[in-house]
> 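My questions all concern the structure below.
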2 protein chains.
Amino acid sequence: MATQTHRTPRRTEALSRERIVETAVDLLDTAGEGGLTFKALTERLATGPGAIYHHVANKEELLGAATDALVTTALATEPAEPSATPQDVIRAVALGLFDAIDEHPWLTAQLSKKLSHSPWGTVAAQIFERVGQQVHALGAPDESLFTATSALVHYILGAAGQNAANARGVGAHVSRAEFLDTVATAWQELDPDEYPFAHTVARQLRDHDDREQYLAGIDLILRGITRD
Amino acid sequence: MATQTHRTPRRTEALSRERIVETAVDLLDTAGEGGLTFKALTERLATGPGAIYHHVANKEELLGAATDALVTTALATEPAEPSATPQDVIRAVALGLFDAIDEHPWLTAQLSKKLSHSPWGTVAAQIFERVGQQVHALGAPDESLFTATSALVHYILGAAGQNAANARGVGAHVSRAEFLDTVATAWQELDPDEYPFAHTVARQLRDHDDREQYLAGIDLILRGITRD
DNA sequence: ACCTGAACACCGTTCAAGT
DNA sequence: ACCTGAACACCGTTCAAGT
């Protein structure tokens with residue numbers, strides 16, 4: 001999608017909400033959270049701000065639409081084999097969101113905002129519904145359905161956001177390995193008496209598989225749910 | 001703290017980083033995330049923007065300092081009875097953060113930002129260290145120490161943020177009960193075939209105890225950790 | 001209906017000047 | 001060292017005017 005949007009600054013094709021959202025995603029991916037401005041948007045789309053406001057209520061709505069589009073795509077991409085267990089589906093959903101957040105790190109802040117916005121919008125409800133159905137299929141009693149789903153969803157989104165941050169590192173010129181090595185060394189040099197956790201965990205930090213560790217967290221929560 | 005800060009707009013007392021941070025917290029509590037502006041800050045403190053920049057590098061640092069101060073206080077407030085089990089300590093830490101976020105809902109976005117900021121700052125490391133030590137005491141093997149702690153921390157912060165949003169409701173003029181009732185009704189009216197989760201969970205929404213449900217999620221994850 | 005682009009109010013930040 | 005406050009660059013948003 002990114003490449004397609006990139007080479008279409010010709011004003012011949014009509015302005016549309018979809019094209020605005022696509023461009024917004026591209027700007028956010030390229031320049032980060034602060035990269036989405038109406039100035040950048042109008043330049044890329046070769047229009048004035050008024051034209052954009054004709055398709056989109058305001059910046060907040062635009063950010064919401066961009067988030068919705070990506071999350072809906074991520075949730076739709078699933079194997080759905082008939083032999084899949086609820087655990088399998090939950091892992092697939094989690095990995096779909098993991099990849100989406102990895103590709104679009106700005107989703108973290110956006111999703112956090114959507115989750116802590118009282119009357120949940122479509123995306124938040126979609127994620128909970130998707131995971132919740134599987135938790136139900138897992139045999140969780142109705143009383144613990146929300147609690148269990150909540151634990152899963154918060155981990156799924158939170159850990160994915162943390163991973164995306166690690167994957168990016170400080171700057172683009174530092175490799176992930178170099179970056180994690182620097183952090184691990186810093187942690188290892190902390191006083192083991194005051195920071196035993198950081199000290200212990202520093203070793204794993206160097207050579208762990210991101211997805212494996214991510215899925216291990218999900219399995220841990222699933223164990224808590226299915227425990228009789 | 002809020003009241004004390006409120007009645008001190010006299011310029012007699014010297015400007016200090018601490019007083020600026022206190023005022024920032026007060027503005028954020030009163031007017032929300034958007035309430036913290038240098039204009040509001042200078043009016044309350046009866047100075048110019050330059051004076052504030054003499055104590056604080058920029059707005060981001062100010063927000064970070066405000067977050068650090070509140071989280072540090074929340075983490076320090078703990079019973080620490082000698083008979084306390086690791087589970088007890090984790091619950092106490094979780095409730096401390098729960099209350100802090102409930103009182104200062106803007107902490108949610110701020111903490112989410114701090115957690116997904118590659119080289120963790122003091123606060124993020126503090127929270128992980130605090131919880132991680134107890135997870136270790138729980139007997140978790142070193143390999144799963146980070147995973148288990150991660151699951152707990154993301155739930156602790158994520159669910160607390162969600163609760164704070166519910167507690168506030170849409171506007172200040174709607175009671176929590178009324179608000180939850182409206183949401184529950186909306187969910188119950190959804191198509192049970194398409195939204196079985198929302199439909200099932202709607203009932204609990206009306207009359208549940210926030211803290212109880214929050215702690216139930218922590219216990220669920222603890223079960224996953226301690227399962228042999 | 002859709003687009004233009006100047007104008008507006010507001011924002012964070014800077015800096016020469018003061019004490 | 002600490003503070004002042006005008007000035008700057010930039011931001012989201014509006015709106016009369018065009019097609």
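Within every chain, numbering begins at 1; the chains are lettered A, B, ... in the order of the sequence lines, protein sequences first and strands thereafter.
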> Going by the rule side chain to side chain donor-acceptor pair (under 3.5 Å), which residues pair with E18(A) if we only count those two or more places apart in sequence or in a different chain?
none

> Over how many whole Å does the gap from E43(B) atom CD to dT4(D) atom C1' extend?
16 Å

> My understanding is that only residues two or more places apart in sequence, or in another chain, count here; which of them pass side chain to side chain donor-acceptor pair (under 3.5 Å) with Q162(A)?
H154(B)

> Partners of S112(A) by side-chain contact (heavy atoms from CB on, under 4.5 Å), sequence neighbours excluded?
T108(B), S112(B)

> What is the distance, to the nearest angstrom, from the NE2 atom on H54(A) to the C1' atom on dA1(C)?
6 Å

> When every nucleotide of nucleotides 12-19 of chain D is labelled 5' to 3' by its protein contacts under 4.0 Å (heavy atoms), B for base, S for sugar-phosphate only, - for none, what sequence of letters results?
SBBB----

> According to side-chain contact (heavy atoms from CB on, under 4.5 Å), who are the partners of Q110(A), at least two apart in sequence or on a separate chain?
L63(A), T67(A), K113(A)

> Taking side chain to side chain donor-acceptor pair (under 3.5 Å) as the cut-off, I'd like each qualifying pair that reaches into residues 49-65 of chain B, sequence neighbours left out, listed once.
R17(B)-E61(B)

> Please enumerate all residues that pass side-chain contact (heavy atoms from CB on, under 4.5 Å) together with Q126(B), with sequence neighbours excluded.
T72(B), L75(B), T122(B)

> Provide, to the nearest angstrom, the distance between the CG atom belonging to L41(B) and the P atom belonging to dC11(C).
12 Å

> Hey, is the side chain of H55(A) poking within less than 4.0 Å of OP1 or OP2 on dA1(C), counting only N and O atoms?
no

> Kindly give the heavy-atom pair with the smallest separation between I101(B) and A164(B), and that separation in Å.
O-CB, 3.7 Å

> Partners of T42(B) by side-chain contact (heavy atoms from CB on, under 4.5 Å), sequence neighbours excluded?
P49(B), I52(B)

> How is the base pairing of DNA chain D summarised as a dot-bracket string, given the Watson-Crick and G-U wobble criteria with both distances under 3.5 Å, [ ] for crossing and | for another strand?
||.|||||...|||||.||

